[in-house]
Amino acid sequence: MLQNFIAAYSPDNLRYLFGGLGITILVSVISIIGSFIIGSILGVIRYVKIKYVSAIVGFIIDVIRNLPLILILFFTYFGLPNLGVKPDVIPAAILAMTIFESTMLAEIVRSGIQAVDPGQMEGARANGLTYWQALWYIVLPQALVKMIPALVSQFISLVKDTSLATIILLPEMLFRSQIIYGQNTNYIIPMFVAIAVMYFIVCYLLSVLARYLEKRQA
């Protein structure tokens with residue numbers, strides 16, 4: 001067993017596996033940034049209840065949230081070409097995950113804003129701020145602090161969900177580990193251990209960052 005681990009963790013295999021880690025992080029970071037921006041906008045739209053617009057946005061969010069991510073991955077990579085758009089595997093994975101996570105974050109943002117004491121908005125308006133100024137400068141900063149645990153939990157889920165993109169042949173960690181142990185089945189357990197450690201480190205660092213930001217904001 002020990003020999004299998006030593007052989008599986010050869011420099012070439014580790015270099016190949018770390019390349020997959022880099023792709024996992026790349027897809028995750030871009031998807032996190034994109035979904036946070038889009039999700040925040042959608043969440044605010046749902047909160048302010050713009051006539052017709054908020055209802056339509058809410059319906060779209062509910063539809064996408066109740067679809068499996070793997071179906072969205074299939075659509076972006078295999079379905080879009082039928083509509084004349086042919087994304088490469090990495091852009092397709094980023095697009096699918098951004099769309100899916102945006103709807104999740106939209107609900108977190110809306111709930112975070114609703115959790116802020118309504119008196120904050122009333123006080124800001126009483127001091128001469130417009131509704132949007134009060135929302136931007138007073139309500140949203142307080143809502144962000146309340147949202148941090150839920151946001152980080154969703155971001156961690158996003159990182160782990162990148163493994164689903166193996167279905168469209170995204171060359172991330174899990175896909176590359178399959179290539180390695182496909183050449184030697186004795187490497188299956190060593191590869192799974194290596195992937196588990198890598199995912200743990202990335203997700204744990206996100207948790208540590210969240211705690212730090214939460215303390216700073218508090």
Side-chain angles (χ1 to χ4, degrees), residues 4-40 68-81 85-105 108 148-214:
N4 290 337
F5 275 82
I6 294 173
Y9 297 152
S10 67
D12 288 340
N13 286 347
L14 288 178
R15 193 178 303 111
Y16 186 65
L17 204 56
F18 279 121
L21 174 61
I23 292 176
T24 295
I25 293 174
L26 172 67
V27 171
S28 298
V29 169
I30 297 177
S31 299
I32 284 172
I33 294 173
S35 61
F36 180 71
I37 294 172
I38 297 173
S40 296
L69 174 57
I70 196 168
L71 180 61
I72 300 175
L73 284 165
F74 267 121
F75 176 77
T76 55
Y77 190 64
F78 297 111
L80 288 181
V85 180
K86 298 180 180 179
D88 291 332
V89 62
I90 292 180
I94 291 173
L95 177 60
M97 302 193 74
T98 299
I99 291 172
F100 184 76
E101 293 299 324
S102 293
T103 61
M104 299 296 183
L105 295 183
I108 294 175
I148 287 177
L151 287 174
V152 173
S153 177
Q154 194 61 44
F155 291 154
I156 289 174
S157 295
L158 187 153
V159 173
K160 292 184 288 188
D161 285 346
T162 56
S163 61
L164 293 175
T166 56
I167 198 69
I168 61 171
L169 306 182
L170 178 71
E172 45 75 66
M173 289 188 293
L174 183 60
F175 179 84
R176 294 194 177 203
S177 72
Q178 292 172 343
I179 298 296
I180 293 173
Y181 68 67
Q183 299 172 354
N184 189 330
T185 55
N186 291 325
Y187 296 167
I188 292 178
I189 294 178
M191 286 298 103
F192 284 168
V193 170
I195 292 173
V197 170
M198 289 180 180
Y199 273 120
F200 171 78
I201 291 174
V202 173
C203 295
Y204 180 74
L205 289 176
L206 274 175
S207 300
V208 171
L209 177 61
R211 288 195 291 268
Y212 171 76
L213 293 175
E214 197 169 4

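None of the values given here were measured: they were computed from a predicted structure. Numbers here are sequence positions counted from 1.
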How many angstroms lie between [atom1] in [X] and [atom2] in [Y], if you round to the nearest 0.5 Å?
X	Y	atom1	atom2	value
S207	F155	OG	CZ	12.5 Å
I195	L174	CD1	CG	5.0 Å
F100	D161	CZ	CG	7.0 Å
L73	M97	CG	CE	7.0 Å
E101	L151	CD	CG	11.0 Å
T76	L71	OG1	CG	9.5 Å

Do I25 and L21 come close enough that some side-chain heavy atom pair is under 4.5 Å? yes
Does the side chain of Y9 reach to within under 4.5 Å of the side chain of N13, using non-hydrogen atoms? no
Which heavy-atom pair separates [X] from [Y] by the least distance, and what is that distance?
X	Y	result
I23	R176	CD1-NH2, 3.6 Å
M191	A8	CE-O, 3.7 Å
A92	Y77	CB-CD1, 3.8 Å
A93	L170	CB-CD2, 4.1 Å
A7	Y187	CB-OH, 3.4 Å
I168	V89	O-CG2, 3.1 Å

Show your working on side-chain contact (heavy atoms from CB on, under 4.5 Å) between F5 and I189 and close with a plain yes or no. CA-CA 8 Å; F5 275 82; I189 294 178; 3.9 Å; yes
Give a yes or no answer on whether the side chain of S153 reaches the backbone of P149 with a donor-acceptor pair at less than 3.5 Å. no
Short question: side chain of Q154, backbone of S157 - any donor-acceptor pair under 3.5 Å? no
Would you sort out whether M198 and I201 count as a side-chain contact (heavy atoms from CB on, under 4.5 Å), showing the intermediate values? CA-CA 5 Å; M198 289 180 180; I201 291 174; 5.9 Å; no
Donor-acceptor pairs are to be reported for all side-chain atoms of residues 27-36 against protein atoms at under 3.5 Å, with residues two or more places apart or in another chain.
| unit_1 | atom_1 | unit_2 | atom_2 | d |
| --- | --- | --- | --- | --- |
| S28 | OG | T24 | O | 2.7 |
| S31 | OG | V27 | O | 2.7 |
| S35 | OG | S31 | O | 2.6 |
| S35 | OG | I32 | O | 3.2 |

Going through the checks in order, is the side-chain contact (heavy atoms from CB on, under 4.5 Å) test met by M173 and S163? CA-CA 7 Å; M173 289 188 293; S163 61; over 6 Å; no
Whether over 12 other heavy atoms sit under 6.0 Å from I179 CD1: yes
Looking at F78, I'd like to know if its CZ atom is crowded, meaning that more than 12 non-hydrogen atoms belonging to other residues, nucleotides or ligands lie closer than 6.0 Å. yes
side-chain hydrogen bond (donor to acceptor under 3.5 Å, both in side chains) partners of D88, counting only residues at least two apart: none
Test L209 against V152 for side-chain contact (heavy atoms from CB on, under 4.5 Å), laying out the working first. CA-CA 9 Å; L209 177 61; V152 173; over 6 Å; no
Do any pairs count as a salt bridge (charged side-chain N to carboxylate O under 4.0 Å, His left out) and have a residue in residues 6-22, sequence neighbours left out, and if so which ones? D12-R15
